[in-house]
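What you see is a predicted model; the values in this text were computed from it and never measured. One is the number of the first residue; the rest follow in order along the sequence.
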Amino acid sequence: MTENAWTRWPSREALSRQGTTTPRRLLAWVVRLLLLGILLWGAFHGSRVHGWVAIAGAVGVLVTGGLAWCFWRTTLQHRFWPSLAVILLLLGLAVAAQAVGFREPALVVWCGCCIAVLERMPLAAALPVASVALASYAAVNNDVWLTTAATVGGMALAGYTLRLDAEARGNAQRLLAQERAARVAEAESAALAERARIAREIHDVLAHSLSAQLVHLEAARLLIERGAGREQILERVVAARGMARDGLDETRHALSALRGDLTPLEDFLTDLVRADDGAEVTVVGDRRALPAEASQAVRRVAQEALTNVRKHAPGAKVRMRLEYDPHEVTLDVRDSGGSPGELAEAGGGYGLLGMRERAELLGGSLDAGPDEEGFVVTLKVPV
């Protein structure tokens, strides 16, 4: 059966004490103690209460308290039939108390049942039970009809108001729990993104360094096969060792960059082309600091493009152009072309693919292909 407003239970958050402030809890305990005092006073005041009657009254108070606690537990667990059975026992206990002369305790129990059932049970069951409790109260109460009607209406309104208040508190608790879960998920997502960023950065640094080392080691192998002189072979081995050392330095620099300790991009490119006799760099536009991810993308593409030129067109002239626009930064790397080098097949060929993926993650693009002279790599990254 589809649950609607008449058959729906108040939420467990609404029925529990979760989210209730300390002042409200204190007020609730004061009300409970006040009701207990009324029950005791009604049960034992007057000279007619003595002996077995007093013992029966005390037992009745204890039983009423126990049944009230059971009703609280069964409604918290959304157990319909046990909750209905407990509330009917309380109504019957009030009838018995009225029959043996405990009129005031009976009136209090009827009022309490009305408020409790309206607050904690589905309305389809709460309204009939509350009607029976209020009708019993009205039949026994000796006040004038206007006072009795006002009391009956006030009890019904109090029960429904407490229900609405509990539901509002329950909704607030659910929203708070969802917000906390969302924050935890957001923190986990941010941690995973940061791990992926670090892994991508270290991968790019090592891929570039190892690719450059492979170029020199492959050259050394070819020289050995051709019987070249010791000096030529040693030169390539020393260059490979230097690339390994540079790779370690680049790894340290990458970690520093991830911590926000970035050297100026223009200085980096200048140092990069200074180590290559056939390369030059030009910077156009208003220089400004770039986000760490954008700056790292430009650095890696510049390194990869320069390595590819030396591998596929050794001796070619390389022109780098870094252009700052209002909304993006563009790196253009062009070479003058030349015959393929002996090391053109060295490496796996995944460098530019990785750079393109990095650019797309930043919302930019990377285009690579031949032009009239040689090969062109163009990176655009929004900033």
Item to complete: Using a strict 4.0 Å threshold on nitrogen-to-oxygen distance, state whether Arg334 and Asp332 make a salt bridge.
Response: yes
Worksheet item: Going through the distances and angles, do Glu167 and Arg163 end up as a salt bridge (charged side-chain N to carboxylate O under 4.0 Å, His left out)?
Response: CA-CA 6 Å; Glu167 282 287 13; Arg163 181 191 189 92; 5.4 Å; no
Item to complete: Look up atom CG in Leu362 and atom CD in Glu328, then write down how far apart they are to the nearest 0.5 Å.
Response: 12.5 Å
Identify the two heavy atoms, one from [X] and one from [Y], that lie closest to each other, and give their separation to 0.1 Å.
{"X": "Gly60", "Y": "Leu93", "value": "O-CD2, 4.0 Å"}
{"X": "Ala368", "Y": "Val377", "value": "CB-CG2, 4.1 Å"}
{"X": "Val117", "Y": "Ala126", "value": "O-CB, 3.2 Å"}
{"X": "Glu13", "Y": "Gly170", "value": "CB-CA, 3.7 Å"}
{"X": "Ala97", "Y": "Ala106", "value": "CB-CB, 4.3 Å"}
{"X": "Leu366", "Y": "Arg356", "value": "O-NE, 3.2 Å"}

Practice prompt. Tell me yes or no: between the side chains of Arg299 and Ser295, is some donor less than 3.5 Å from an acceptor?
Written response: yes
Look at the side chain of [X] and the backbone N and O of [Y], then say whether any donor-acceptor pair between them is shorter than 3.5 Å.
{"X": "Arg319", "Y": "Glu280", "value": "no"}
{"X": "Arg79", "Y": "Arg73", "value": "no"}
{"X": "Asp371", "Y": "Glu373", "value": "yes"}

Practice prompt. Please state whether the rings of Phe80 and Trp9 are parallel, tilted or perpendicular, taking 30° and 60° as the class boundaries.
Written response: perpendicular
Note, [X] side chain near [Y] side chain (heavy atom, < 4.5 Å):
{"X": "Asn308", "Y": "Phe375", "value": "no"}
{"X": "Leu176", "Y": "Arg180", "value": "yes"}
{"X": "Met121", "Y": "Val129", "value": "no"}
{"X": "Tyr324", "Y": "Leu265", "value": "yes"}
{"X": "Tyr137", "Y": "Met155", "value": "no"}
{"X": "Arg169", "Y": "Asp165", "value": "yes"}
{"X": "Leu162", "Y": "Arg120", "value": "no"}
{"X": "Leu15", "Y": "His78", "value": "yes"}

Worksheet item: For Val273 and Met320, what are the C-alpha separation, side-chain angles and deciding distance, and is it a side chain to side chain contact (heavy atoms under 4.5 Å, CB included)?
Response: CA-CA 9 Å; Val273 300; Met320 285 190 186; 3.9 Å; yes
Please check if atom [atom1] in [X] has more than 12 non-hydrogen atoms from other residues, nucleotides or ligands closer than 6.0 Å.
{"X": "Tyr160", "atom1": "OH", "result": "no"}
{"X": "Arg230", "atom1": "CZ", "result": "no"}
{"X": "Asp267", "atom1": "CG", "result": "yes"}

Worksheet item: Going hydrophobic residue to hydrophobic residue with side-chain gaps under 4.5 angstrom, can you get from Val333 over to Val283?
Response: yes
Worksheet item: Do you reckon Trp81 sits in the same ILVMFWY cluster as Leu89, going by side-chain contacts under 4.5 Å, direct or chained?
Response: yes
Practice prompt. Evaluate salt bridge (charged side-chain N to carboxylate O under 4.0 Å, His left out) for Arg183 paired with Glu186, printing each intermediate quantity in order.
Written response: CA-CA 5 Å; Arg183 288 181 178 178; Glu186 183 179 358; over 6 Å; no
Worksheet item: Pick from Thr148, Thr147, Thr151: which one makes a side-chain hydrogen bond (donor to acceptor under 3.5 Å, both in side chains) with Asn141?
Response: Thr148
Worksheet item: Going through the checks in order, is the side chain to side chain contact (heavy atoms under 4.5 Å, CB included) test met by Leu88 and Val132?
Response: CA-CA 10 Å; Leu88 292 178; Val132 171; over 6 Å; no
